[in-house]
Amino acid sequence: MPDADTYLSAEQAAETLGISRATLYSYVSRGLIRAVNVEGDPRRRLYDLHDIEQMRRRKNVGRRPRDVAATTLDWGFPVLSSGISQIERGRLGFRGRDAVDWAGHATLEDTARLLWSCGDSDPFAGAAAPEAGWDGGLLERAAGLPLTERCQALLPFVAAGRATAWQRASPRLWHGAVALLRATAAAASGTAPGARPVHEHLSSAWGLDPAAEQVVRRALVLLADHELNASAFAVRVVASTGASLGACLTAGLSALSGPLHGGTISLVERLLEDCHGDAEAEVETRLRRGEGVPGFGHPLYPDGDPRAAALLPLLPPDPERDALVSVMAETVGKLPNVDFALAAIRLAFDLPKDSGHVVFAVGRTVGWIAHALEQYGEGKLIRPRAQYTGPAPGRDAEM
């Protein structure tokens, strides 16, 4: 029997949408609303609540262009086309492949070849370590900087980052993309660039055992792309100007550093440290203060983030971590997201302080490059309009 919390009867669905059952059936036949059969009653069907809520939102917005435009930048309607990744019915896909299944066996390099549409070509084959142009002294001076600033300080010394992409086909940029990916992994982890697979490079830098190395490999792959998030959109805006791949990565890193994006990981780590063996009390305290609890829930995954669900079971047991997950599920009804999983990985394997952010940034570099390459192919500038809300022009304004 399907879960009553995620499916509605025909009567409930029609009432929610304010339509007739005939119209509901029409939506189903057109693939707009998913319906499932009820076991033991072949004449009865239930209707996907997520699809119904999306349909209701569209109806509420209406067809006025300004109303539609106002919803596009806040988890709203799609704002541009992309063939890189898809979030649909609680699952993440990379070019038609389920991301969780893909992460079970693929490396970040495999994922790059897939998302960059390399086909039978392999830009990683025979590629030497990037000529980073930074010596031990420069690396040492950059080591004290936060991750974003460290990468942004070192990546300009990678020759591939300075080449412009204007009117260049993607295959001509692949080798530069490889150099930038490997240099990002090195800069983020404070190491010298190398030509080994990225997960092996990080494993060596952090002294991981084989089991932990495989967890990091999966995490890198699962973080490779996530549709049109804030950092990917920033990358595409910069790419639309014809700027270099290095400039695009700088934009992505800047967006990722914010506390509402990749910076959430450090907030989750603080949460886990603050529990002190009593997760229920910590959650209650935060909720009473009107604070959010970072690391839980995701607007695109009402039934839980599949990336976190794939990673957390791979970690060693941790009673405090598990207690926090249980408390949040029972009191708030939210499940852990990938930010929580990355913080948990860092603590489970006693990794360096910013390693969760490192995994996020290095993995997402593959997606940022994919978005830049796709946007280059569009050949047009991303330039939305603003709706003016300031004072109306008047005599005072003219003086």
Side-chain angles (χ1 to χ4, degrees), residues 85 92 94 97-115 124 129 147-148 150-151 178 180-226 231 249 252-253 256 261-266 268-269 272 295 305-318 321 336-369:
S85 64
L92 171 64
F94 293 155
R97 294 167 172 79
D98 184 88
V100 172
D101 293 341
W102 177 258
H105 61 84
T107 64
L108 190 60
E109 287 74 14
D110 294 330
T111 309
R113 285 186 285 268
L114 174 67
L115 298 187
F124 292 91
L147 182 144
T148 296
R150 184 165 69 247
C151 290
V178 169
L180 284 168
L181 172 60
R182 289 174 170 172
T184 300
S189 58
T191 57
R196 301 169 66 184
V198 168
H199 69 280
E200 293 182 10
H201 184 101
L202 295 180
S203 178
S204 176
W206 294 336
L208 303 183
D209 62 30
E213 179 181 298
Q214 288 304 305
V215 173
V216 169
R217 177 191 60 75
R218 286 179 184 248
L220 287 166
V221 172
L222 288 170
L223 268 296
D225 196 57
H226 203 236
S231 57
L249 295 189
L253 286 163
L256 187 69
H261 198 356
T264 301
I265 299 168
S266 61
V268 178
E269 292 178 1
L272 289 165
D305 189 332
R307 300 167 297 175
L311 292 170
L312 290 174
L314 305 177
L315 303 184
D318 183 335
R321 181 187 71 223
N337 57 34
V338 77
D339 297 308
F340 183 91
L342 290 175
I345 288 172
R346 182 244 156 176
L347 295 174
F349 300 124
D350 193 25
L351 302 181
K353 188 173 183 180
D354 63 353
S355 57
H357 199 180
V358 169
V359 172
F360 202 150
V362 175
R364 190 56 56 87
T365 295
V366 165
W368 291 335
I369 291 172

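What you are looking at is a predicted structure, and each value in this text was computed from that prediction instead of being measured.
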Which atom names give the shortest non-hydrogen contact between N337 and D339, and what distance separates them? OD1-N, 3.1 Å
Could you grab the distance from atom CG of D110 to atom NE2 of H105, nearest 0.5 Å is fine? 8.0 Å
How many angstroms lie between CG in L181 and CZ in F124, if you round to the nearest 0.5 Å? 5.5 Å
Could you tell me whether the side chain of D305 and the main chain of V338 form a donor-acceptor pair under 3.5 Å? yes
Side-chain atoms of residues 340-366: list all donor-acceptor pairs with protein atoms under 3.5 Å, sequence neighbours left out, distances to 0.1 Å.
residue	atom	partner	partner atom	Å
R346	NE	L351	O	3.3
R346	NH1	E269	OE1	3.3
D354	OD2	R150	NH2	3.2
S355	OG	P352	O	2.9
R364	NE	L223	O	2.6
R364	NH2	L223	O	3.3
T365	OG1	A361	O	2.7

Side-chain heavy-atom pair V100, L222 within 4.5 angstrom cut-off: yes
How far apart are the closest heavy atoms of P193 and A129, and which atoms are they? O-CB, 4.0 Å
Nearest heavy-atom approach of L92 to P306 is N-CG, 4.4 Å
Mark yes or no for whether T184, through its side chain, and L180, through its backbone, hold a donor-acceptor pair below 3.5 Å. yes
For the backbone of A195 and the side chain of R182, can you confirm whether one donor and one acceptor N or O come within less than 3.5 Å of each other? yes
Return yes if some donor-acceptor pair links the side-chain N/O of R217 with the main-chain N/O of A103 below 3.5 Å, else return no. yes
Is a side-chain N or O of S266 found less than 3.5 angstrom from the main chain of G263, in a donor-acceptor match? yes
Taken to the nearest 0.5 Å, the spacing of L256 CG from L249 CG works out to 11.5 Å
Just by distance, do the side chain of T111 and the backbone of T107 share a donor-acceptor pair under 3.5 Å? yes
If you round to the nearest 0.5 Å, how far is CZ of F94 from NE2 of H226? 8.5 Å
Could you pull out the closest heavy-atom pair between H261 and S231, with the gap in Å? NE2-OG, 2.9 Å
Go through V268 and T264 one step at a time and tell me if the side-chain contact (heavy atoms from CB on, under 4.5 Å) criterion holds. CA-CA 6 Å; V268 178; T264 301; 4.1 Å; yes
Roughly how far, to the nearest 0.5 Å, is the CZ atom of R196 from the CG atom of L202? 10.0 Å
When rounded to the nearest 0.5 angstrom, what is the spacing between OG in S85 and CG in L114? 10.5 Å
Under 3.5 Å, side chain of E213 to main-chain N/O of H199, donor-acceptor pair present? no
Note: T191 and A185 closest approach over all heavy atoms is OG1-O, 4.4 Å
